[in-house]
Student: 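The structure under discussion is supplied below as structure tokens; questions concerning it will follow.
Just so we're on the same page: letters track the sequence lines, and every chain starts at 1.
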Number of protein chains: 2
Amino acid sequence: MSLRIALLGLLSFFGPASGYDLTKKFELSINHVWQAGHSQIYPELGKMATDGLITVEAEGPRGRKIYTITPEGTAEVHRWMVEHVPAEPMRSEGALQAFLLPVLEPQEALAVLARLRASTQAKLEGLEALQQVHHRRRAETGHVNLGHYSLELGIMHTRTTLAWLENTMAEIESEPAAR
Amino acid sequence: MSLRIALLGLLSFFGPASGYDLTKKFELSINHVWQAGHSQIYPELGKMATDGLITVEAEGPRGRKIYTITPEGTAEVHRWMVEHVPAEPMRSEGALQAFLLPVLEPQEALAVLARLRASTQAKLEGLEALQQVHHRRRAETGHVNLGHYSLELGIMHTRTTLAWLENTMAEIESEPAAR
DNA sequence: TTGCCCATGTAATACGTTACATGATTTC
DNA sequence: GAAATCATGTAACGTATTACATGGGCAA
């Protein structure tokens with residue numbers, strides 16, 4: 001369901017696009033919120049067309065199909081946004097490592113945390129670069145882009161993770177015996 | 001793979017347990033980090049026994065099977081913790097709603113955010129209650145419990161979400177035209 | 001004896017990842 | 001003409017959810 005909503009949201013905001021275009025958008029725009037590859041996207045677009053949420057209005061070179069959102073499609077996103085209560089089944093390998101940290105020796109735990117810090121730092125830099133692009137576009141157009149708010153949320157969460165890493169490493173260094 | 005590691009981690013820290021016990025632990029301990037129901041846990045335990053990571057050392061009433069972790073199982077968790085680089089395929093319905101917020105009218109967006117704030121607040125209270133339990137246990141035993149660090153992380157993340165909600169609601173209220 | 005919790009399993013379906021497969025167009 | 005990128009699809013496999021199915025033990 002959520003993949004469908006994400007695709008409809010992109011089509012609704014940016015206008016008609018092909019499966020290929022949408023796959024690209026997933027990589028470099030909605031990526032920090034929802035992920036999908038082309039092998040999931042193409043079949044889903046097929047089903048959505050069958051269900052009348054989108055239509056193929058035009059075809060480009062190389063069999064490129066341009067999908068356009070229908071009024072039913074627009075209604076579907078809107079309804080999901082307003083009515084759907086988000087379910088959050090938490091499933092994070094990083095958090096699982098945090099959970100199991102007490103099974104490691106202090107030195108090992110510190111190494112795991114240092115590795116996590118490096119990847120978290122890299123993630124933060126990626127998100128901040130994206131945010132610069134958003135700021136520039138907003139200055140030009142005068143209104144916020146799709147993804148503006150979730151980007152801010154992602155950056156705040158990533159900074160929080162970094163703060164937790166620092167705290168935790170300091171805690172383990174100061175009292176290794178408590179573990 | 002991660003489900004397997006989570007189960008091994010619980011068996012390694014708390015000692016022998018049945019599938020039923022582990023299902024309970026998932027509900028009220030590891031829940032904020034990884035989720036699974038009994039219909040996923042029972043078959044996985046069967047496979048893990050086949051793979052020699054756990055064994056059935058005892059059987060209780062009603063066909064209750066008590067699984068014990070083997071040295072291979074212990075080695076497996078340890079290896080995963082030390083070597084495995086966590087993959088984080090982000091997939092959050094709440095974040096997707098944040099992402100798509102610009103497709104809504106300001107009033108609708110505010111309603112969505114208010115609903116999210118209520119559920120986030122409830123989640124925070126649940127985590128803080130769990131943390132009290134951890135603190136009490138730590139005072140008794142003198143060392144940290146499994147899940148201590150990830151609980152702190154979860155609480156920090158949830159507080160950050162709450163702060164983001166307040167920011168965002170204030171922003172939309174002050175300049176509804178930018179959307 | 002009725003209802004609740006303990007306790008384990010399977011089946012159907014849905015969702016997601018990796019790998020396989022193919023070919024057109026553009027750019028160097 | 002070789003390489004990169006555009007462009008679409010399917011198949012196999014793995015993971016996760018929901019529903020179905022069954023029965024023992026204990027307490028009111």
Student: Using heavy-atom distances to pick each residue's nearest nucleotide on DNA chain C, tell me which of D21(B) and Q40(B) is more 5'.
Tutor: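 Going by which nucleotide is closer to the 5' end, it is D21(B).
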Student: If I take atom CZ in residue R64(B) and atom C1' in nucleotide dC5(C), what distance separates them, rounded to the nearest angstrom?
Tutor: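 Distance, rounded to whole Å: 13 Å.
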Student: In whole angstrom, what separates L22(B)'s CG from dT8(C)'s P?
Tutor: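 Roughly 9 Å, once rounded to whole Å.
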Student: Without decimals, in angstroms, what is the distance between M1(A) CE and dT13(C) C1'?
Tutor: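 The answer, rounded to whole Å, is 16 Å.
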Student: Here's a test of your reading of the structure: between H38(B) and K47(B), which maps to the more 5' nucleotide of DNA chain D?
Tutor: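 With H38(B) and K47(B) compared, the 5'-side residue is K47(B).
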Student: Taking the side chain as every heavy atom from C-beta outward, state whether R117(B) and M169(B) have any atom pair closer than 4.5 Å.
Tutor: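 Yes, at least one pair of side-chain atoms sits under 4.5 Å.
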Student: With respect to the side chain of P89(A), which nucleotide from dG9(D), dA7(C), dT17(D) is positioned closest?
Tutor: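 Given the options dG9(D), dA7(C), dT17(D), the side chain of P89(A) is closest to dT17(D).
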Student: Report the distance from atom CD of E44(A) to atom P of dT8(D), rounded to the nearest whole Å.
Tutor: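 Roughly 16 Å, once rounded to whole Å.
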Student: Return the value, rounded to whole Å, for the distance between atom CD of Q35(B) and atom C1' of dA16(D).
Tutor: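 Going from CD in Q35(B) over to C1' in dA16(D) covers 11 Å.
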Student: Applying salt bridge (charged side-chain N to carboxylate O under 4.0 Å, His left out), run through E128(A) and R159(A) and close with a yes or a no.
Tutor: CA-CA 11 Å; E128(A) 284 175 338; R159(A) 290 216 178 100; 2.6 Å; yes
Student: Would you please classify the geometry between the Y42(A) ring and the H38(A) ring as parallel, tilted or perpendicular, with 30° and 60° separating the classes?
Tutor: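 Plane angle over 60°, so perpendicular.
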Student: Test E76(B) against R4(B) for salt bridge (charged side-chain N to carboxylate O under 4.0 Å, His left out), laying out the working first.
Tutor: CA-CA 10 Å; E76(B) 178 82 1; R4(B) 180 169 286 212; 5.7 Å; no
Student: Look at the side chain of Y42(A) and decide which nucleotide, out of dA7(C), dT8(D), dG9(C), has an atom nearest to it.
Tutor: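 Of the options given, the side chain of Y42(A) lies nearest dT8(D).
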Student: For dT18(D), does the base pair up with any side-chain atom of S39(B) as donor and acceptor (N or O, under 3.5 Å, distance only)?
Tutor: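 Answer yes: a donor N or O sits under 3.5 Å from an acceptor.
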Student: Do E152(B) and T168(A) pair up side chain to side chain, a donor and an acceptor below 3.5 Å, judged on atom types alone?
Tutor: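 Per modelled atom types, E152(B) and T168(A) side chains form no pair under 3.5 Å.
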Student: Of the nucleotides dT5(D), dA16(D), dC5(C), which has the atom closest to the Y20(B) side chain?
Tutor: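 Looking only at side-chain atoms, Y20(B) lies closest to dC5(C).
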Student: Nearest to the R91(B) side chain among dA16(D), dT17(C), dT8(D), which nucleotide is it?
Tutor: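 The answer is dT17(C), which lies nearest to the side chain.
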Student: What's the closest nucleotide to the side chain of K24(B) if the choices are dT8(D), dC6(D), dC6(C)?
Tutor: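 The nucleotide sitting nearest to the side chain is dC6(C).
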Student: Atom CG of L7(B) to atom P of dA16(D): distance rounded to whole Å?
Tutor: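 From L7(B) CG to dA16(D) P: 11 Å.
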Student: How many Å lie between CZ on F26(B) and C1' on dA16(D), as a whole number?
Tutor: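 It is 12 Å, rounded to the nearest whole Å.
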Student: Can you measure R4(B) atom CZ to dG14(D) atom C1' for me and round it to whole angstrom units?
Tutor: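 After rounding, the reported distance stands at 12 Å.
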